[in-house]
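A quick write-up on the structure given underneath.
When reading the values below, keep in mind they use all heavy atoms of this one structure, side chains included, and skip hydrogens, waters and symmetry mates.
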Amino acid sequence: LSQRLASLAAAAQEETWQSRQQLQAQRQEMARLQEELSRARQDGERWASALQRAQREALEREATRGAEQARQQELIRDMKERLLELLREKDALWQKTEGIDTPMPSPVPRDPGLCARCHKDFHLLSRRYNCRWAMGGMGVALAQCRDGSTLTSCSLRRLCQRKVCHTCSVDMGKQHGRCCLICYQQRHPQAT
């Protein structure tokens, strides 16, 4: 009986030692996993801050690119206006040196995508109308000034404001179409 008890005690001690060894191995494994988890969290935070910095830099680059593009478009517009002024000055000087009578200066060319009167953009929902009151047949001038003299096609171009929107035009009937408000007021002075 004592031998049996001694063998049982030895077996229990052996099991206890093995379970302690397993517990120690599990604790070591858990410590290693916790260390890896903390490293992974640090890496995640580092990557998140790098991503935020990259996004911030991209937004700043986009803002500066937009500002630069707007500045360049404004510069191009100014250069075009200055070129037109220089061309007009050159023509005036040439006409002066050649002794040619200078005609009335033509209006500044307008953007064909804008209403000549209110500068509204033409698109799918806002239709553009050509002023038609001054032309008939093959472009013959029909209008007359208030004093009764016939207008030439050149002076009609100065009077007529070309393409206008629905708001800035008047319906003259099916036969005549629409005309701009300036031409309508010129033709019908009592309407002003």
Under the side-chain contact (heavy atoms from CB on, under 4.5 Å) rule, collect the residues that match up with [X], sequence neighbours excluded.
X	value
W17	E14, Q21
E29	R32, L33
Q55	L51

Is the closest side-chain donor-acceptor distance between E68 and Q72 under 3.5 Å?
yes

What residues form a side-chain hydrogen bond (donor to acceptor under 3.5 Å, both in side chains) with E62, not counting sequence neighbours?
R65

Only distances under 3.5 Å count here; give the side-chain donor-acceptor pairs of residues 40-47 to other protein atoms, sequence neighbours excluded, each with its distance to 0.1 Å.
residue, atom, partner, partner atom, Å
D43, OD1, R46, NH2, 2.2

Side-chain ion pair, R71 and E74, N-O less than 4.0 Å:
no

Counting only pairs under 3.5 Å, give me each side-chain donor-acceptor contact of residues 77-86, with atom names and distances, residues two or more places apart or in other chains.
residue, atom, partner, partner atom, Å
R82, NH1, E85, OE1, 3.3

Does atom CZ (R39) have a neighbourhood of more than 12 heavy atoms from anything else shown, all under 6.0 Å?
yes

Please evaluate residues Q26 and M30 with respect to the criterion side-chain contact (heavy atoms from CB on, under 4.5 Å), reporting the C-alpha separation (whole Å), side-chain torsions for both, the decisive distance (0.1 Å), and the verdict.
CA-CA 6 Å; Q26 287 176 351; M30 190 168 71; over 6 Å; no

